[in-house]
**Student:** 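Below are the structure tokens for one structure; questions will follow.
Proteins get letters first, then strands, A, B, ... in listed order; numbering begins at 1 in each.
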Amino acid sequence: MSCERVFRPDLKDKPVVVLSNNDGCVVARSNEAKRLGIKAGTPYFQLEQQFPDHKIAVFSSNYELYGELTARVVEIIRQESPTCFRYSIDECFVYFPTWKDSSLSKFPIINCNRSSLPLGGVGGGFHSWGENLHKKIKQYVGMPVSIGIAPTKTLAKTASYFAKRYPGYRHCCLIDSEEKRRKALKLFPIEEVWGIGRRLSVKMKTLGIQTAYDFAQHNGDWVRATFRNIVIYRTWQELNGIDCVPNEEMAKKKSICTSRSFAGMITDLPTLQTYVSNYAARCAEKLRRQGTVCTIVSVFLHTNFFREDLPQYWNSLEKRLAVGTSSTIDIVKAANEVLRSLYVPGYHYKKAGVIVMGIGPDSPLQPDLFDFNADQFQKMKQLDAVIDRINKLNGSETIVLGSQQYTRKEGAGKAEVFANVIKHDFRSKNPTTRWSDIIPLK
DNA sequence: TCTGGGGTCCTAGGACCC
DNA sequence: TCTGGGGTCCTAGGACCC
């Protein structure tokens with residue numbers, strides 16, 4: 001949402017929403033859109049019915065743009081911070097070993113969230129640090145960030161919630177005393193707490209817990225006995241100022257999934273194979289990018305759950321490989337094998353996906369005792385490396401396997417196949433990554 | 001007509017072992 | 001009537017996150 005506004009300053013203070021893949025449903029909303037009552041997850045077609053003559057700016061997801069702009073933001077945070085752990089596409093945690101003046105804990109944890117003064121006064125050095133960071137990012141990238149500073153990650157997330165919503169904080173909120181901690185938690189609805197989701201907050205409310213403060217005030221033994229869940233207990237500790245969520249750089253993924261819903265529905269195996277081949281190829285790329293191989297290739301397939309008038313089918317199967325691989329050819333082949341056993345004719349399929357598991361480092365590789373051709377293996381590795389380079393330089397999918405070509409299938413008919421490729425009718429341009437999209441100055 | 005995608009961790013229960 | 005105890009590993013499902 002903020003990314004879309006960078007190149008559309010005219011949308012400042014206007015309702016803006018971003019849609020999921022296939023322009024399916026709303027996944028991000030500006031504050032103005034929230035105020036109109038647009039709920040997260042609203043299907044786009046309902047949005048159109050709800051606001052027929054709307055003045056809402058609608059965008060399809062543009063991951064290329066978001067990835068590029070958020071990388072610039074993170075780069076600046078790294079310049080300004082002693083340590084910075086990237087937590088998600090739009091969030092970082094910064095760890096300050098020099099925090100001394102807090103009665104809560106030795107170290108402040110800072111949550112920078114891209115995206116009136118109930119807590120009272122403003123702290124010293126850390127607040128101006130945060131304000132300057134916000135200013136710099138605004139100037140260099142054009143994106144607003146919210147900054148929360150506190151002794152634990154859960155409290156820092158709480159602080160960034162206030163920083164985002166109350167302009168008085170000037171984008172940076174600090175929880176650095178027992179008094180502010182209590183005040184913040186009293187104003188913080190339980191369902192907003194990091195780690196307390198939809199189900200748990202319902203349960204909490206039946207137990208009379210409305211705010212984060214109500215929860216934090218309970219006895220630790222009571223929390224453990226009531227929920228019998230270590231994660232919830234950790235959240236309780238964090239709210240009470242005990243830092244127990246480890247500082248970790250994002251580890252290598254233990255499973256990698258590529259899945260998509262189809263714009264329409266698919267009934268025939270050859271078309272499904274084209275899609276599954278593409279998902280498998282994407283998984284192989286992701287494996288190589290993190291320097292890993294997999295030993296399990298799993299494929300799932302299902303019909304449209306919303307179409308109660310049609311027969312339903314859901315299934316998934318996997319293939320285990322003797323030798324770990326990240327080769328596109330290997331993984332596409334395995335995925336298609338699985339798909340053939342999975343496919344049942346007669347259903348209208350809506351979604352398929354490939355998941356690779358059993359992930360380990362790509363070297364040293366454990367070869368198959370009986371069937372391993374080192375020469376062939378080296379060739380495949382080089383081929384993949386070359387394909388990755390070309391696709392990086394010239395845009396993804398410059399080189400693909402024959403089985404990945406959406407137009408190739410005989411009998412399917414070009415129009416029919418193209419009708420199924422992902423829909424994104426409201427995609428913005430990519431002025432930071434594509435020469436053809438560069439903005440002309442008059 | 002149209003309803004996202006990609007992850008993690010924890011727990012309970014079953015299979016199996018000695 | 002009587003039917004061990006203790007452990008590991010795997011899987012499915014549920015909860016959470018962005």
**Student:** Would you mind reading off the distance between A/F305 atom CZ and B/dG5 atom P, rounded to a whole angstrom?
**Tutor:**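 It is 12 Å, rounded to the nearest whole Å.
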**Student:** Between A/Y233 and A/W236 (judged by ring centroids, cut-off 6.0 Å), do the two rings come close enough to count as a pair?
**Tutor:**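 Yes, close enough.
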**Student:** Is a side-chain donor-acceptor pair under 3.5 Å present for A/N22 with A/S261?
**Tutor:**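 No donor-acceptor contact under 3.5 Å links the two side chains.
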**Student:** Please report the distance, rounded to the nearest Å, between CD1 in A/I355 and C1' in B/dG6.
**Tutor:**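 Distance check: A/I355 CD1 to B/dG6 C1' gives 10 Å.
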**Student:** Report, as yes or no, whether the 6.0 Å neighbourhood of atom NZ on A/K34 holds more than 12 heavy atoms from other residues, nucleotides or ligands.
**Tutor:**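 Result for NZ/A/K34: enclosed.
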**Student:** So, applying salt bridge (charged side-chain N to carboxylate O under 4.0 Å, His left out) with A/R288, which one of A/D362, A/D330, A/D384 is it?
**Tutor:**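 By the salt bridge (charged side-chain N to carboxylate O under 4.0 Å, His left out) criterion, A/R288 pairs with just one of A/D362, A/D330, A/D384: A/D384.
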**Student:** Counting any heavy atom closer than 4.0 Å, what does A/T42 reach on the DNA or RNA strands: base, sugar-phosphate only, or nothing?
**Tutor:**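 Since no nucleic acid heavy atom lies under 4.0 Å of A/T42, the category is nothing.
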**Student:** Pick base, sugar-phosphate or nothing for A/S61, based on heavy-atom distances below 4.0 Å to the nucleic acid.
**Tutor:**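 Counting heavy atoms under 4.0 Å across all strands, no contact is made by A/S61.
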**Student:** Please tell me whether A/R260 and A/Y279 have a donor and an acceptor in their side chains that are separated by less than 3.5 angstrom.
**Tutor:**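 There is no such pair (donor and acceptor under 3.5 Å, judged by atom type) between the side chains of A/R260 and A/Y279.
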**Student:** With no hydrogens and no angle check, do the side chains of A/K286 and A/T258 hold a donor and an acceptor under 3.5 Å apart?
**Tutor:**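 Yes, side-chain donor-acceptor contact under 3.5 Å.
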**Student:** Under 4.0 Å between a side-chain N/O of A/S259 and OP1 or OP2 of B/dG4, yes or no?
**Tutor:**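 So the side chain of A/S259 is outside the cut-off, no N or O lying under 4.0 Å from OP1 or OP2 of B/dG4.
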**Student:** Separation of A/D309 atom CG from B/dC2 atom C1', in whole Å?
**Tutor:**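 Atom CG in A/D309 sits about 14 Å away from atom C1' in B/dC2.
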**Student:** Using whole Å, report how far NE2 of A/H348 lies from C1' of B/dC2.
**Tutor:**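 Interatomic distance, NE2 of A/H348 to C1' of B/dC2: 16 Å.
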**Student:** Strictly under 4.0 angstrom, non-hydrogen atoms only: write out the protein contact profile of nucleotides 7-18 of chain C, one letter per nucleotide from the 5' end, B, S or -.
**Tutor:** ----S---SSSS
**Student:** Need one value for A/R234: base, sugar-phosphate or nothing, where a base atom within 4.0 Å counts as base even if backbone is also close, heavy atoms only.
**Tutor:**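 Result for A/R234 = sugar-phosphate.
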**Student:** When rounded to the nearest 0.5 angstrom, what distance separates NZ in A/K153 from OG1 in A/T158?
**Tutor:**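 Result: 13.5 Å between the selected atoms.
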**Student:** A/Y279 has an atom OH; how far is it from atom C1' of B/dG6, in whole Å?
**Tutor:**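 The answer, rounded to whole Å, is 14 Å.
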**Student:** Can you check the A/I422 CD1 to B/dG4 C1' distance for me, whole Å?
**Tutor:**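 In whole Å, B/dG4 C1' lies 10 Å from A/I422 CD1.
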**Student:** Side chains of A/Q404 and A/S277: do they bring a donor and an acceptor to under 3.5 Å?
**Tutor:**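 Distance-only check fails for A/Q404 and A/S277.
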**Student:** Scan side-chain atoms only and decide if A/T70 and A/D90 contain a donor-acceptor pair under the 3.5 Å cut-off.
**Tutor:**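 A/D90 and A/T70 do not have a side-chain donor-acceptor pair below 3.5 Å.
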**Student:** Between B/dG5 atom P and A/N22 atom CG, what is the distance in whole Å?
**Tutor:**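 To the nearest whole Å, that distance equals 7 Å.
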**Student:** Examine the side chains of A/T433 and A/E68 and answer whether a donor and an acceptor come within less than 3.5 Å of each other.
**Tutor:**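 Short answer, no.
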**Student:** Nearest nucleotide by nearest heavy atom, which residue falls closer to the 5' end of DNA chain B, A/V231 or A/D23?
**Tutor:**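 On the 5' side of the pair lies A/D23.
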**Student:** Looking only at atom P, what distance separates B/dT3 and C/dC17, rounded to whole Å?
**Tutor:**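 After rounding to an integer number of Å, I get 26 Å for this pair.
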**Student:** Is the aromatic ring of A/Y44 within stacking range of B/dC2, meaning centres under 5.5 angstrom and planes under 30 degrees?
**Tutor:**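 Aromatic stack with B/dC2 absent for A/Y44.
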**Student:** Please determine whether a side-chain nitrogen or oxygen atom of A/K350 lies at a distance below 4.0 Å from atom OP1 or OP2 of B/dC2.
**Tutor:**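 No, no such contact exists.
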**Student:** Using a 3.5 Å limit on both distances, find every run of at least three consecutive Watson-Crick or G-U pairs that involves DNA chain C.
**Tutor:**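 Result, WC/G-U stems under 3.5 Å: B:5-18 with C:5-18.
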**Student:** Rounded to the Å, how far apart are A/F306 CZ and B/dT3 P?
**Tutor:**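 Rounded to whole Å, this separation is 7 Å.
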**Student:** Verify the contact: side-chain N or O of A/R307 to OP1 or OP2 of B/dT3, cut-off strictly under 4.0 Å; return yes or no.
**Tutor:**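 No.
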